[in-house]
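Worksheet: the structure to be examined is printed underneath.
The sequence lines fix the lettering, A, B, ..., with proteins before strands; numbering per chain opens at 1. In this text, all values refer to a predicted model and were calculated from it rather than measured experimentally.
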2 protein chains.
Amino acid sequence: MIVERLQEDISSMRLMPGSRISEPDIAARFGVSRQPVRDAFSRLESMGLLRIRPRKATEVKRFSRGEIEKSRFVRAAVEMEVLRRAARRCVAADGHELDACLALQRKALAKGDQLAFAQLDYDFHRAVCGIAGVPFAFDVIHAEKKKVDRLCMLALSREDRMPQLIDDHARIAEAVKAGREEEAVEAGTVHLSRLDATIEAIKVASAAYFEDED
Amino acid sequence: MIVERLQEDISSMRLMPGSRISEPDIAARFGVSRQPVRDAFSRLESMGLLRIRPRKATEVKRFSRGEIEKSRFVRAAVEMEVLRRAARRCVAADGHELDACLALQRKALAKGDQLAFAQLDYDFHRAVCGIAGVPFAFDVIHAEKKKVDRLCMLALSREDRMPQLIDDHARIAEAVKAGREEEAVEAGTVHLSRLDATIEAIKVASAAYFEDED
DNA sequence: CGGTCAAGTCTTGAATACAAGATTGAATAC
DNA sequence: GTATTCAATCTTGTATTCAAGACTTGACCG
């Protein structure tokens with residue numbers, strides 16, 4: 001599928017924000033006609049990854065302060081509500097599931113396996129959504145996350161943060177298991193706010209990838 | 001624009017859920033070729049209004065329990081966070097804005113102007129988002145709302161509910177103005193839950209417009 | 001030397017023609 | 001009368017061609 005390939009190229013920053021891509025180019029690269037590419041462009045635009053300027057050009061969307069804030073806000077709101085519900089509903093078996101997630105993540109950290117670590121990060125949040133009784137909430141979190149994921153590819157040395165992220169998860173898990181809503185929300189807020197500093201750092205380091213502020 | 005026209009047709013239930021539409025038909029109706037229609041279909045699909053079944057048919061999406069729940073959850077989560085922030089930040093001028101909204105809405109109620117009433121409902125929620133310092137949150141609420149808006153077209157006699165909705169808004173406004181977060185959240189929850197009963201009623205009355213449950 | 005205008009080229013948008021899969025219907029065999 | 005099979009038609013997917021707007025580059029004129 002063309003969409004997936006392009007999405008992967010954009011998410012992995014092989015296609016940099018602001019770089020222009022044209023339908024004929026991509027069509028030739030995939031050995032198809034312009035129509036499928038056009039279709040893919042349209043979908044990627046609605047995913048917020050491309051910006052189609054009619055009759056001018058299509059370019060990989062730059063990061064914008066507004067969109068980052070918006071995505072951040074939605075994720076925060078949803079995740080906090082999820083944590084509240086999870087804390088209210090968590091039973092013993094659920095607690096074990098969270099612990100198992102954490103154990104696996106610690107193992108991935110020990111092996112330095114960043115890919116597995118990232119996957120387990122998803123699994124943890126997905127598990128919390130399941131415990132909260134709102135599995136579909138993870139779809140929302142996931143969709144919002146994808147919009148800013150590529151930004152984090154610019155962050156250097158993710159390894160440093162991995163222990164901290166695990167600590168965050170542990171604290172969240174404890175609060176959820178104990179049924180302490182507000183503590184879980186507090187821990188979740190801290191966890192999310194880790195990203196803010198990273199983004200600010202990236203913004204000064206790679207201003208070219210950000211949209212001009214008005 | 002073709003998308004808007006079709007969207008309006010779907011939202012207003014002129015095109016019923018489950019009814020099939022084909023690209024050539026719509027193209028002929030608008031006097032254009034299949035490509036613009038195809039483009040429009042693609043966009044409407046990503047808006048969650050159409051379901052394109054490759055090489056089979058394209059149909060107006062039926063309501064699904066899962067999507068309604070998801071949309072409901074996101075709106076609730078976002079709206080509650082907005083109310084919390086609004087309660088914390090509300091100053092005198094903001095309170096006046098809410099009061100003005102309410103006054104206009106009461107006037108619309110008196111005149112029985114349902115269209116204006118609906119618009120003012122949007123304005124109220126938008127105002128709250130503005131007070132909370134997260135205007136973009138309204139985009140999210142709006143987008144989620146559009147997914148289920150057409151469902152409410154099936155509800156009979158909206159007039160009965162208008163006074164109750166105004167009371168809800170008044171209670172929300174009071175709590176926000178007084179800075180009482182939890183009271184605002186509680187009022188917001190009640191406000192949102194009004195829809196649930198309506199949807200349940202519609203579900204039994206118009207089961208044909210809902211997807212089969214698995 | 002500089003500015004302006006025009007032609008050429010590059011972009012996406014739209015229209016048309018062709019292809020492939022799915023469904024439906026009728027016709028035929030049993 | 002019923003079941004099965006084949007063909008016609010309807011669906012969306014893809015390719016190709018034409019069209020229209022915008023940018024670039026060159027030449028020509030002041």
Distance in angstrom units between [X] [atom1] and [N] [atom2], rounded:
X	N	atom1	atom2	answer
Met1(A)	dT14(D)	CE	C1'	13 Å
Arg20(B)	dA22(C)	CZ	P	15 Å
Arg34(B)	dT11(D)	CZ	C1'	9 Å
Asp39(A)	dG13(D)	CG	P	7 Å
Arg38(A)	dG13(D)	CZ	P	15 Å
Glu23(B)	dT14(D)	CD	C1'	12 Å
Phe30(B)	dA14(C)	CZ	P	13 Å
Ile26(B)	dT11(D)	CD1	C1'	14 Å

Original post:
Going by number, which of residues 40-60 of chain B have a non-hydrogen atom under 4.0 Å from DNA chain C?
Top reply: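 Contacts with DNA chain C under 4.0 Å: Arg55(B), Lys56(B).
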**OP:** Can you sort out the partners of Asp9(B) under salt bridge (charged side-chain N to carboxylate O under 4.0 Å, His left out), two or more places apart, ordered by chain and number?
**Re:**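 Asp9(B) satisfies salt bridge (charged side-chain N to carboxylate O under 4.0 Å, His left out) with Arg14(B), Arg29(B) only.
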**OP:** Check salt bridge (charged side-chain N to carboxylate O under 4.0 Å, His left out) between Glu23(A) and all other residues, then give those that pass, not counting sequence neighbours.
**Re:**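 Per chain and number, Glu23(A) pairs via salt bridge (charged side-chain N to carboxylate O under 4.0 Å, His left out) with Arg34(A), Arg38(A).
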Original post:
Taking for each residue the nucleotide of DNA chain D bearing the nearest heavy atom, is the 5' side occupied by Ser22(B) or by Gly31(A)?
Top reply: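 Result: Ser22(B).
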Original post:
Taking atom types as modelled and ignoring hydrogens, do the side chains of Ser193(B) and Asp196(B) form a donor-acceptor contact shorter than 3.5 angstrom?
Top reply: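 No donor-acceptor contact under 3.5 Å links the two side chains.
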Subject >> Residue pair Asp39(B) / Gln35(B), side-chain donor-acceptor N/O under 3.5 Å >> reply: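 Looking only at side-chain atoms, Gln35(B) and Asp39(B) do not form any donor-acceptor pair under 3.5 Å.
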Original post:
Do you know which of Arg75(A), His142(A), Glu79(A) makes side-chain hydrogen bond (donor to acceptor under 3.5 Å, both in side chains) with His125(A)?
Top reply: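 Among the candidates, only Glu79(A) passes.
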**OP:** Let me see the working for Glu69(A) and Arg72(A) under salt bridge (charged side-chain N to carboxylate O under 4.0 Å, His left out), right down to the final yes or no.
**Re:** CA-CA 5 Å; Glu69(A) 266 183 35; Arg72(A) 164 81 164 78; over 6 Å; no
Original post:
OP1 or OP2 of dT16(D) sitting under 4.0 Å from any side-chain N/O of Ser33(A)?
Top reply: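 So the side chain of Ser33(A) is outside the cut-off, no N or O lying under 4.0 Å from OP1 or OP2 of dT16(D).
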Original post:
Please walk me through it: do Glu45(A) and Arg43(B) pass salt bridge (charged side-chain N to carboxylate O under 4.0 Å, His left out)?
Top reply: CA-CA 10 Å; Glu45(A) 186 192 30; Arg43(B) 286 167 193 275; 3.5 Å; yes
Original post:
Which base sits across from dA29(C) as a Watson-Crick or G-U pair, both distances under 3.5 Å?
Top reply: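 Result: dT2(D).
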Subject >> Paired nucleotide for dC5(C) [Watson-Crick or G-U wobble; both distances under 3.5 Å] >> reply: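 By the stated definition (distances under 3.5 Å), dG26(D) pairs with dC5(C).
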**OP:** Give one of base, sugar-phosphate or nothing for Ile2(A), where a contact means two heavy atoms less than 4.0 Å apart.
**Re:**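 Here Ile2(A) touches no strand at all.
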